[in-house]
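Here's the structure we're looking at; comments come further down.
Order of listing sets the numbers, starting from 1, for every ligand and every atom in it. Worth knowing before you read on, the calculation uses all heavy atoms, side chains too, and leaves out hydrogens, waters and symmetry mates.
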Amino acid sequence: MKFETKAIHAGQAPDPTTGAIMPPIFQTSTYVQTGPGEHKGYEYSRTSNPTRTKLQDCLAALENAKYCLAFASGCGAMTTIMHAFKTGDHIICCDDVYGGTYRLFTKVMTQHGLEFSFIDMTHISNLKKAIRPNTKAVWIESPTNPLLKLIDIEAAAKIAKEKKLFSIVDNTFMSPYFQNPLDLGSDIVLHSTTKFINGHSDVVGGAVMTNDKTLIDKLHFIQNSTGIVPGPFDAWLTLRGVKTLALRMKRHEENAMKIAEFLKGHPKIEKVTYPGLKDHPQHALAKKQMRGFGGMITFVVKGGLPSAKKFLKKTHLFSLAESLGGVESLIEHPAIMTHASIEKEVRAKLGIDDGLIRASIGIEHVDDLISDLKQALS
Ligand code: P1T
C-alpha cells in the first residue's frame, strides 16, 4: 500500500459492530471482564485503549515499522525512551535539538544518573570520537530544531550498530512522509505528533516506532508504569489529522521553497536556511535521505534583536507562537521562545542568534504568505 492509502486506511477498518467508517472514540477507563483475566485484550486504559491502538497501527504503517506506541506528548515519548537507560549510561546527542529535549536531558535526566555529550554530528567522524565505554545510544534530530542542520542517519546508524548502541531519530520535522529513519538503519524513531502528523494545532501528542519487539515491550512496560498515555479523544483527533498528511506535506514544501527563495532575495535578510536551497551546506544529503525538504525555514534578519522583534510584531498571517507543523503558518524567535532553556553561551556557540527567526510554513496560499512577510519587513 502507498503512503496516502495507509494514512487513510491502516489500522482503521470500519467499526465491526455498527459499520461506522470513522473509528469510535473509546472514552472509557476500564473494560468489563467475563471472569478474572478473561477479556478481549483490553483491561485498563492506561495500559491500552482501542482508539489508541488504531492510531498506533496507522503510525507504525507510515514509518514502515512493526510497532508503535502513542504518548501524551513528544516529551513524554522522549522521557519513556530515557527510562529505558540506567544510571551511568552515556548518550550522545546532536548539538542542536529542540530546547525541551535539551532541558529534559540536561536538567532532568542527569539528575537520575544519565550522562550526555552534545556534539556536532554534521561531521559524522565526531560521533566515533565521542563514544565512551559506557555509551549506550546516539540521539539524532535531522533536520535539527531550529538550525536545520542535517545528520547522515544511515552513517550514524552504521556506527551505532558496530558499537552496539541504539540509534534514535526524532523525525518530527520531516514527518514519515518525507523521511523514514528505520529504513535507513535506525533502531527507534520518535515524533512529536503535535506537529505535522496531527497537523491542526489542536492536540499535544507523541509516538515511538521500532521493529524491535524486546524494545517495544520494554517501552510499553515503562509507559504503563509511568502513565504517559494520550487520552482517547486526542488519539482520535490525531488519527483524523494524519489522513491528510501527504497532501499537507506537499503543500508545506511547495510554499516553503517559494518563501525561502523570496527571503533569499530580500535586502533586509542576512541569511536563509532551508534544506531545499542549493546553497544549504547539506543539500546533497537532504536529497539522499529525504524525499522532500519539509516546511521549516530559519532566517536571520539584519539588525539583530530590535529588528527581529519589530518584524515579529508586524506579521498578520504568520502567528507569533511556539510549535510548528499545523495548517496555519507560525513564526517565532527561538532564543526567546522555543530554545530559551538553552544557556545563552551554548546558544551563541551554536548560532541561535538574537536575529534568528524560525517559520513553520503553513498551507495557505503562498502569495498571501509572501505579501505578509513583505509588509512585515517593510
Ligand atoms: O511539544 P511536544 O509534543 O512534547 O514535543 C516535543 C518536541 C520533540 N521533538 C521536536 C523536534 C520538537 O520540535 C518538539 C516540540 N517543539 C516545539 C514545541 C517547537 O516549537 O519547536
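Other residues, nucleotides and ligands contribute over 12 non-hydrogen atoms within 6.0 Å of the NZ atom of Lys302. Heavy-atom neighbours of Lys161 NZ from other residues, nucleotides or ligands within 6.0 Å: above the threshold of 12. With a 6.0 Å radius and a threshold of 12 heavy atoms from other residues, nucleotides or ligands, Lys243 has its NZ atom above the threshold. Counting heavy atoms of neighbouring residues, nucleotides and ligands inside a 6.0 Å radius, atom NZ of Lys164 does not exceed 12 of them. Heavy atoms from other residues, nucleotides or ligands lying under 6.0 Å from CZ of Phe311 number more than 12.
Closest to atom 4 (O) of ligand 1 among all protein heavy atoms lies Cys75 N, 2.9 Å. Among protein heavy atoms, atom 1 (O) of ligand 1 sits closest to Lys195 NZ, 3.5 Å. The protein heavy-atom contact nearest to atom 3 (O) of ligand 1 is Thr194 OG1, 2.7 Å. Atom 17 (C) of ligand 1 has as its closest protein heavy atom Tyr98 CE1, 3.3 Å. What sits closest to atom 13 (O) of ligand 1 on the protein, heavy atoms only, is Asn145 ND2, 3.0 Å.
Below 30°, between 30° and 60°, or above 60°: for Phe233 and Trp236 the angle between ring planes is below 30°, a parallel geometry.
Heavy-atom distances between Ser323 and ligand 1 reach below 4.0 Å in at least one pair. For the pair Met337 and ligand 1, no heavy-atom separation below 4.0 Å is found. Using a 4.0 angstrom heavy-atom cutoff, Gly205 counts as in contact with ligand 1. Residue contact annotation: His191 has no non-hydrogen atom under 4.0 Å from ligand 1.
The shortest N/O to N/O separation between His339 and ligand 1 does not fall below 3.5 Å. For the pair Gly76 and ligand 1, the shortest N or O to N or O distance does not fall below 3.5 Å.
Between Phe3 and Tyr177, the gap from one ring centroid to the other is short of 6.0 Å. Taking the six-membered ring where the residue is Trp, the centroids of Phe299 and His266 are separated by 6.0 Å or more.
When non-hydrogen atoms are compared, ligand 1 lies under 4.0 Å from the side chain of Arg358 (C-beta onward) but not from its backbone. With a 4.0 Å cut-off on non-hydrogen atoms, Leu324 touches ligand 1 through its side chain and not its backbone.
Atoms of ligand 1 found under 4.0 Å from any heavy atom of Thr172, numbered from 1 in the order shown, are 9 (N), 10 (C), 11 (C). The contact set between ligand 1 and Glu141, taken as ligand atoms under 4.0 Å from a residue heavy atom, comprises 11 (C).
Side-chain atoms of Glu115 and Thr110 include no donor-acceptor pair closer than 3.5 Å.
Between Asp170, Val204, Leu104, it is Asp170 that holds the heavy atom closest to atom 10 (C) of ligand 1. Which of Ser192, Ser142, Ala321 comes nearest to atom 5 (O) of ligand 1 through a heavy atom is settled by distance: it is Ser192.
Checking each of Asp96, Thr144, Asp95 against Lys149 for a side chain to side chain donor-acceptor pair (under 3.5 Å) leaves exactly one that passes, namely Asp95.
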